[in-house]
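Worksheet: one structure, shown below.
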Amino acid sequence: MKPDEFQQFFAVAQKSGETVRSAFYVFVLIYGAMLFYAANTYLYPTGQHLFASVQDAITKAAGCGSSEAGTPCLGPLAPTSTIEKINTDYSTHLLEYYQDKSAADREFHVPFIGIAPDRGWFWLINIVSSLLLYVMLRGSLENHLHLLEYLFNETKGNTAQVMLLTTTQIVTSASRSRESGTSQGNLLFSAEYLSAFTLLLMPIAVSCFILFDWAYLMFTADSPIDVIRQPALTLGFVLTIVTLLWQARMFRGIAAAVYLLFVADRARQMEVQAAEPEHEMPAGPA
C-alpha cells in the first residue's frame with residue numbers, strides 16, 4: 001500500500017476507533033446506572049427498608065411526653081405539652097422524609113436524556129436501551145475490526161505502519177512480552193478481556209433483575225392472579241424474556257468481535273516484536 005493511501009485509510013481507522021470508543025462509553029454509562037438502579041431497587045431497596053425501620057422504631061418508642069425533645073415517637077393526636085408537640089411534629093417530618101425518599105428511589109433517571117420512568121416501567125427502558133446500544137456497539141465493533149484487518153493485511157512487513165495501527169485499538173491485549181507463550185492462547189483469560197466481557201454482560205444482568213422482581217411479586221402476592229392481571233407487569237415479563245434471549249445472541253456476537261480485536265492486536269504486537277533488532281551484548285575486554 002502506498003504511503004498516501006495508507007494515510008487516508010489510517011485517518012478513517014482513527015475515526016472508526018473514536019466511534020467505537022464513544023459507543024462503548026455511552027453503553028457503560030447508561031447500563032452502569034441501570035444496573036445500579038436495578039440492584040438497589042429489586043435486590044435491596046434501601047429507601048423502603050429505611051422507611052420501614054424508622055416507622056417501626058417510632059411505633060415501639062416510649063410516649064412522647066416522657067422522652068427528651070427531638071426524640072422520634074408515636075405521639076397523641078392532640079399533644080398536650082410542648083415536648084409532645086415537638087416530638088410528634090418531628091416524628092411526622094421524619095416519616096414523610098423517608099417516605100418521599102423511598103418514592104424517589106422508584107424513579108430511574110436515564111443519563112443524558114432526563115426521562116424518569118417509574119419502577120413499573122423500567123423494563124421498557126431496558127428493552128429500548130439494549131436494542132439501541134447493543135446494535136450500535138456490535139455494528140461499530142465489526143466495522144472497525146474489518147477495517148483493521150484489511151489495513152493489517154495490506155501493511156504486513158512495514159513495521160512503522162503496523163505500529164501506527166496499534167494506536168487505533170480501543171482496548172488492547174496489554175501484554176507486550178517477547179515470550180511465545182503469551183501469544184493468542186491466553187487472551188480469553190486475560191484481565192483486559194475478562195473486564196470487557198463482564199461489562200458487556202450488564203444488559204443481561206439488568207433483564208435478570210427485572211425477571212427476579214416479577215417472580216418475587218408473584219410469590220409474595222396474596223393472589224398471583226392479581227399480579228398477572230396488571231398489564232404493565234405481565235407485558236413487561238413476556239417482552240423481557242424475549243429481549244433476554246435476543247440479548248444473549250447479540251452478546252455472543254459482540255464478545256466474539258472483541259476477542260477478534262484482541263487477537264488482531266496481539267498479532268500486530270508479535271509482528272512488531274519480531275521485526276525489532278536484537279540488542280547485541282557489548283564485547284568484553286580482549
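In this text, all values refer to a predicted model and were calculated from it rather than measured experimentally.
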**Request:** Give a yes or no on whether F36 and V26 share a hydrophobic cluster (residues Ile, Leu, Val, Met, Phe, Trp, Tyr; joining criterion: side-chain heavy atoms under 4.5 Å apart).
**Result:**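 No, F36 and V26 fall in different hydrophobic clusters.
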**Message:** According to a hydrophobic-cluster definition based on side-chain heavy atoms being under 4.5 Å apart (Ile, Leu, Val, Met, Phe, Trp, Tyr only), do V128 and L245 belong together?
**Reply:** no
Sub-4.5 Å side-chain heavy-atom contact between [X] and [Y]:
X	Y	result
L151	E154	no
W121	I125	no
E142	L260	no
W123	L235	yes
L137	L141	yes

Can you tell me which residue pairs pass the salt bridge (charged side-chain N to carboxylate O under 4.0 Å, His left out) test with a partner in [range], sequence neighbours excluded?
range	result
residues 233-261	none
residues 233-248	none
residues 202-213	R119-D213
residues 31-44	none

**Asked** Just by distance, do the side chain of S16 and the backbone of V12 share a donor-acceptor pair under 3.5 Å?
**Response**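 The answer is no, because no donor-acceptor pair under 3.5 Å joins these two groups.
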**Asked** So, D265 side chain and L261 main chain: donor-acceptor pair closer than 3.5 Å or not?
**Response**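 Between the backbone of L261 and the side chain of D265 there is no qualifying donor-acceptor contact (under 3.5 Å).
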Say you draw a straight line from [atom1] of [X] to [atom2] of [Y]; how long is it, rounded to the nearest 0.5 Å?
X	Y	atom1	atom2	value
F9	L148	CZ	CG	12.5 Å
I30	S130	CD1	OG	11.5 Å
T41	M34	OG1	CE	11.0 Å
T19	N143	OG1	CG	9.5 Å
H144	K15	NE2	NZ	14.5 Å
N40	L35	CG	CG	11.0 Å

**Request:** Could you list all the ring pair (Phe, Tyr, Trp, His ring centres under 6.0 Å) pairs where at least one residue sits in residues 212-241, not counting sequence neighbours?
**Result:**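 Listed once each, the pairs are W214-F237.
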**Prompt:** Aromatic ring centroids of F251 and Y134 under 6.0 Å?
**Reply:** no
List the atom pairs, donor and acceptor, that lie under 3.5 Å between side-chain atoms in residues 194-211 and the rest of the protein, sequence neighbours left out.
| unit_1 | atom_1 | unit_2 | atom_2 | d |
| --- | --- | --- | --- | --- |
| S195 | OG | A191 | O | 2.7 |
| T198 | OG1 | L194 | O | 2.8 |
| S207 | OG | N126 | ND2 | 2.9 |
| S207 | OG | P203 | O | 3.2 |
| S207 | OG | Q247 | OE1 | 2.8 |
| S207 | OG | Q247 | NE2 | 3.3 |

**Request:** Evaluate the ring planes of Y193 and F262, with Trp represented by its six-membered ring, and classify them as parallel (under 30°), tilted (30 to 60°) or perpendicular (over 60°).
**Result:** perpendicular
